[in-house]
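Okay, structure first, notes after.
In what follows, chains carry the letters A, B, and so on, assigned in the order in which the sequence lines appear, proteins first and then strands, with residues in each chain numbered from 1. All values below come from the heavy atoms of this structure, side chains included, with hydrogens, waters and symmetry mates left out.
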Amino acid sequence: FSTFGNNLKWQTNTLTYRIENYTPDMSQAEVDYSIEKALQVWAKVTPLKFTRIYSGIADIMISFGSRDHGDFYPFDGPDGTLAHAFAPSSGIGGDAHFDEDEKFTFRSNTGYVLFMVAAHEFGHSLGLSHSDDPGALMYPHYSYGNPDTFILPRDDVKGIQSLYGGNEEPIAPGPTAPTTPDACDSTMVLDAVATLRGEMLFFKDRFLWRHSQQSSTPQQTLIANIWSSAPDNIDAAFESLESDQVFLFKGSRVWAFSGYDLQANYPKSITSFGLPRTVKKVDAALYEPQSRKIFFFVGKNYYSYDDVRKTMDKGFPKRVDETFSGMTSQVTAALQHRGFTYLYSGPYMHEYSLRSGRLYRVLRNNYFLPC
Amino acid sequence: MPLSQDNMEEEQFAESYLKKFYNLTEETGPLLRGGVSPKTKKLMEMQKFFQLQITGTLDADTLDLMKRPRCGVPDVDIAQ
């Protein structure tokens, strides 16, 4: 997180706000609810209290405007800049302006959820600058969030509490603030690993890292920033070179994406790959480019699916350790790279020759995902 | 070789992005030969912030990130 510096914060914990006008995109009740809820995001974790006023000058004046709207920071039409807000101080300080040329929504994932944009802007109104943590609310790029299930990420909690301290009033225990996974965490267990048109993708919680061989630094981003309709916390993933698609598995469903686009008729049941109905989830998936086979790891067994013939191979499931010597623990992710098969189990990665099933090395995540 | 229209548009887009969010000032007058241009510096600053590969050039990943919807927080000085 970062703050504006110079101890730029409100000198009181009791702040007022006023909604000066409304967007026609939503009902007034929805706007009121979104704004109130966005302020409460910050009030829950600090001693700050917000009171709405209906006339006069509030600490935080909230308005919708387009293009030139009177503050020498004109908006830019649809998309691009969605809103801006001013750091704490008198006058325009603390005020939040929303670009009326955007399509704001209450909780749909088409358009921009006003709650998410407002919660971010109010972070500025209270003294937070942009964070470089891609999971933080104060990261400068919009990402979808549901107002009813949103939990302020740990980075933002730390940021706002560095200015105002924590909430001294006991609050009912709820879900804890999500943290952003760290590639340097040697105990991290990846959810899934896959390739995408020459890049490697490493999935963890609601994030993924993209890493290309040409780059020394992997780029961490939200899964939703790449595929807005993809699930978080996936179980398995692979790229089919046969169909140029990436498949993501979660529970009994599978999503297929070509580039950024969800394919028609997806998500589907995992039984569409010929897996029996008794299989409720896939632990890991591996695409073998030579034979164009897909291996699905389920518990101590694995299935083999022929991506050319689109049928499950006979003689499966087999025990994993029948083919991959010594692999008796659960496979949590899998990848094929330069002719070697890499099976992840917990924080370790096992390098195998698929042909002989021989184990060459036991490595850590950072072999492919640099810290 | 003249730049293609697409490239020119992207360059202009990137320049206005850097002016808006990274306080890039107009490049006027001759640049020192061999020096890093202010635009390259700002581009590197932006790439560092977003944990992109720091190339100092307008590559596809950087351009892609610039095009994402975002917040444009105004200069703090105004508030002060």
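Comparing T217(A), D79(A), L82(A) by how many heavy-atom pairs each has under 4.5 Å with chain B, the most go to L82(A).
Of all residues in residues 60-70 of chain A, none places a non-hydrogen atom less than 4.5 angstrom from a non-hydrogen atom of chain B. Contacts from residues 56-67 of chain B to chain A, taken as heavy-atom pairs separated by less than 4.5 Å, involve D61(B), D64(B), L65(B) in sequence order.
Ion pairing of D132(A) with K48(B) is absent here, as no side-chain N (NZ or NE/NH1/NH2) approaches a carboxylate O to less than 4.0 Å.
Across all non-hydrogen atoms, the minimal contact from H130(A) to C71(B) is NE2-SG, 3.6 Å.
Looking at D76(A), the atoms closer than 4.5 Å to chain B (heavy atoms on both sides) all sit in the side chain, from C-beta outward. Only the side chain of Y112(A) comes within less than 4.5 Å of a heavy atom of chain B; its backbone N, CA, C and O stay farther away. Of the two parts of H120(A), only the side chain, counted from C-beta on, holds a non-hydrogen atom closer than 4.5 Å to a non-hydrogen atom of chain B. Contacts of T221(A) with chain B are made by side-chain atoms alone, with heavy-atom separations under 4.5 Å and no backbone atom involved.
Residue-environment remark: NZ (K158(A)) stays at or below the threshold of 12 foreign heavy atoms within 6.0 Å. The neighbour count for K37(A) NZ, taken as heavy atoms of other residues, nucleotides or ligands under 6.0 Å away, is above 12.
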Given the rule in the side chain to side chain contact (heavy atoms under 4.5 Å, CB included) test, do H141(A) and R68(B) qualify, once you have shown the distances and angles that lead to the verdict? CA-CA 7 Å; H141(A) 288 277; R68(B) 284 193 203 161; 3.2 Å; yes

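Relative orientation of the Y139(A) and F50(B) rings is perpendicular, given thresholds of 30° and 60° on the angle between their planes.
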